[in-house]
Amino acid sequence: MPPTSETVEVDFITPRHLAGGGDPAWITVPLHRACGWSHGNDPLMPRVLLSSPDQKALLRLAPDPDGQWWTLHHAAEEDRPAWYASFGARTPVELIAAFTDALTDPTPAASTPCDPYEPLRQSAWQPPAIGADGLVSPDKTAYVQRLGTAQEPGAWFVTASFGPERKPVWQARFGEHTPARLIAAFTTALADPHPAARTGSLRTLPTRDPDVVTRRTTDVLAVHVAAALEERVHALAARHTIPPATPDPPRQPPARNSRSR
């Protein structure tokens with residue numbers, strides 16, 4: 001049944017890492033409206049620049065045919081040197097959002113994994129070969145690897161590819177000093193078996209090969225599609241809301257000494 005004026009045709013794509021980039025607003029709008037990141041205004045430039053409230057992080061989104069479209073640079077702090085993260089144009093926004101959501105979380109959960117490999121192991125990712133470094137997805141279309149040695153660990157690379165020639169679709173890169181919990185948030189989203197929702201996916205899918213991706217199409221109410229971003233903004237803004245202090249119980253006036261007559 002074709003969509004009506006009240007519905008939108010939505011494709012649910014698995015695996016999500018081959019669903020295409022998606023809407024950049026899923027990342028940029030919450031950072032600005034829910035997390036207080038500021039942005040410049042230059043309508044003549046095809047780029048977005050967002051800086052964190054403390055001016056320590058800068059996120060840049062710019063079309064670059066020869067490189068990463070998303071780059072985030074974070075300044076050095078007392079306990080950590082400067083670090084960076086970058087993402088290719090077709091990196092699904094859900095994965096990048098998991099990274100930025102963890103970065104802006106004012107109170108990270110103590111249960112948050114700090115080993116980026118752990119969420120992958122729990123989802124049956126395996127080393128690509130005996131004795132090889134890194135982990136590959138069960139369908140062989142995604143690969144996560146850390147360079148360097150145990151004594152001198154280096155940068156992380158996450159690559160999505162498909163086909164006999166292992167045609168690259170996108171790559172995410174994390175500098176050696178990028179906090180492990182942020183990379184783990186990315187790999188947790190990467191291993192998530194839930195599909196990614198897309199509209200107009202036929203124009204953005206890296207492949208329509210049914211042996212590689214599964215596409216389930218359904219009509220969704222337009223109001224629900226439009227509300228998804230607003231719900232995300234409200235949910236992230238709630239993390240920064242300070243609950244009102246519980247008022248102290250009213251004090252009882254001191255008892256007065258009375259004399260009987």
Side-chain angles (χ1 to χ4, degrees), residues 17 21 27 31 35 37 48-62 64 66-123 125-137 141-161 166 168-192:
H17 59 265
I27 301 163
L31 281 176
C35 305
W37 288 44
V48 176
L49 295 174
L50 285 165
S51 54
S52 61
D54 60 7
Q55 300 298 302
K56 291 182 179 180
L58 176 67
L59 177 67
R60 177 189 178 98
L61 169 59
D64 183 353
D66 299 318
Q68 305 288 81
W69 283 38
W70 297 85
T71 55
L72 189 149
H73 291 276
H74 197 285
E77 298 178 289
E78 291 184 3
D79 61 341
R80 186 182 300 276
W83 56 268
Y84 75 91
S86 67
F87 311 92
R90 285 183 168 177
T91 309
V93 292
E94 293 84 354
L95 309 187
I96 304 174
F99 183 90
T100 57
D101 289 356
L103 172 64
T104 56
D105 192 345
T107 55
S111 59
T112 301
C114 286
D115 178 2
Y117 283 137
E118 186 57 29
L120 306 176
R121 295 191 189 100
Q122 293 180 5
S123 297
W125 289 46
Q126 299 289 335
I130 296 177
D133 295 328
L135 294 175
V136 66
S137 62
T141 60
Y143 179 47
V144 177
Q145 180 187 27
R146 186 171 199 183
L147 303 182
T149 64
Q151 292 73 29
E152 296 184 3
W156 290 82
F157 289 82
V158 183
T159 306
S161 61
R166 312 315 305 167
V169 178
W170 57 262
Q171 187 173 80
R173 306 167 188 168
F174 305 97
E176 60 183 299
H177 300 296
T178 305
R181 70 174 184 87
L182 304 185
I183 306 174
F186 184 91
T187 57
T188 298
L190 175 65
D192 189 339

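All residue numbers refer to positions in the sequence shown, counting from 1.
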Should Leu190 and Val144 be marked as a side-chain contact (heavy atoms from CB on, under 4.5 Å) after you check the CA-CA gap, both sets of side-chain angles, and the distance that decides it? CA-CA 10 Å; Leu190 175 65; Val144 177; 3.8 Å; yes

List the residues meeting salt bridge (Lys or Arg N to Asp or Glu O under 4.0 Å) with Glu118, not counting sequence neighbours, and say none if there are none. Arg121

So, taking the atom named OG1 in Thr71 and the one named CG in Leu59, what distance separates them when rounded to the nearest 0.5 Å? 7.0 Å

Are the side chains of Trp70 and Thr91 in touch, meaning some heavy atoms are under 4.5 Å apart? no

For Ala191 and Leu120, the nearest pair of non-hydrogen atoms, with its separation, is CB-CD2, 3.9 Å

With rounding to the nearest 0.5 Å, note down the distance linking OG1 in Thr187 to CG in Asp192. 11.5 Å

How close do Pro53 and Trp37 get, counting heavy atoms only, and between which atoms? CD-CD1, 3.6 Å

Specify whether Trp83 and Phe99 have parallel, tilted or perpendicular ring planes, treating 30° as the upper limit for parallel and 60° as the lower limit for perpendicular. perpendicular

Quick test of your reading: applying salt bridge (charged side-chain N to carboxylate O under 4.0 Å, His left out), list the pairs with at least one residue in residues 49-59, sequence neighbours left out, ordered by first then second residue. Lys56-Glu77

Heavy-atom check, side chain of Leu103 versus side chain of Leu72, under 4.5 Å: yes

4.5 Å side-chain heavy-atom contact, Arg173 and Tyr84: yes

Verify, without hydrogens or angle tests, whether Arg146 (side chain) and Gly154 (backbone) share a donor-acceptor contact under 3.5 angstrom. yes

Could you tell me whether Glu152 atom CD has more than 12 heavy atoms of other residues or ligands within 6.0 Å of it? no

Calculate, to the nearest 0.5 Å, the distance between atoms CZ and CG belonging to Phe174 and Leu182 respectively. 8.5 Å

Here the pair of heavy atoms bringing Thr178 nearest to Arg80 is C-NH1, 4.1 Å

Within a strict 4.5 Å, meaning less than it, do heavy atoms of the Ile27 and Phe87 side chains meet? no

Enter the distance from Leu31:CG to Asp101:CG here, rounded to the nearest 0.5 Å. 7.5 Å

Nearest-0.5 Å distance that lies between atom CD in Gln145 and atom CG in Leu135: 10.0 Å

Are any non-hydrogen side-chain atoms of Trp69 and Leu61 less than 4.5 angstrom apart? yes

Which atom names give the shortest non-hydrogen contact between Cys114 and Ala180, and what distance separates them? O-CB, 3.0 Å

Under 3.5 Å donor-acceptor, Gln68 side chain and Gln171 backbone: yes

Take Trp170 and His17 through the test side-chain contact (heavy atoms from CB on, under 4.5 Å) and record every step on the way to the result. CA-CA 9 Å; Trp170 57 262; His17 59 265; 3.8 Å; yes

Test ring-ring contact (aromatic ring centres under 6.0 Å, His included) applied to Tyr117 - qualifying residues, sequence neighbours left out: Trp156

On a heavy-atom basis, which atom in Pro168 and which in Ser161 lie closest, and how many Å separate them? CA-CB, 3.9 Å

Okay, side chain of Ser123, backbone of Pro119: is any donor-acceptor separation there less than 3.5 Å? yes

To the nearest 0.5 Å, tell me how far Asp133 CG sits from Tyr143 OH. 6.5 Å

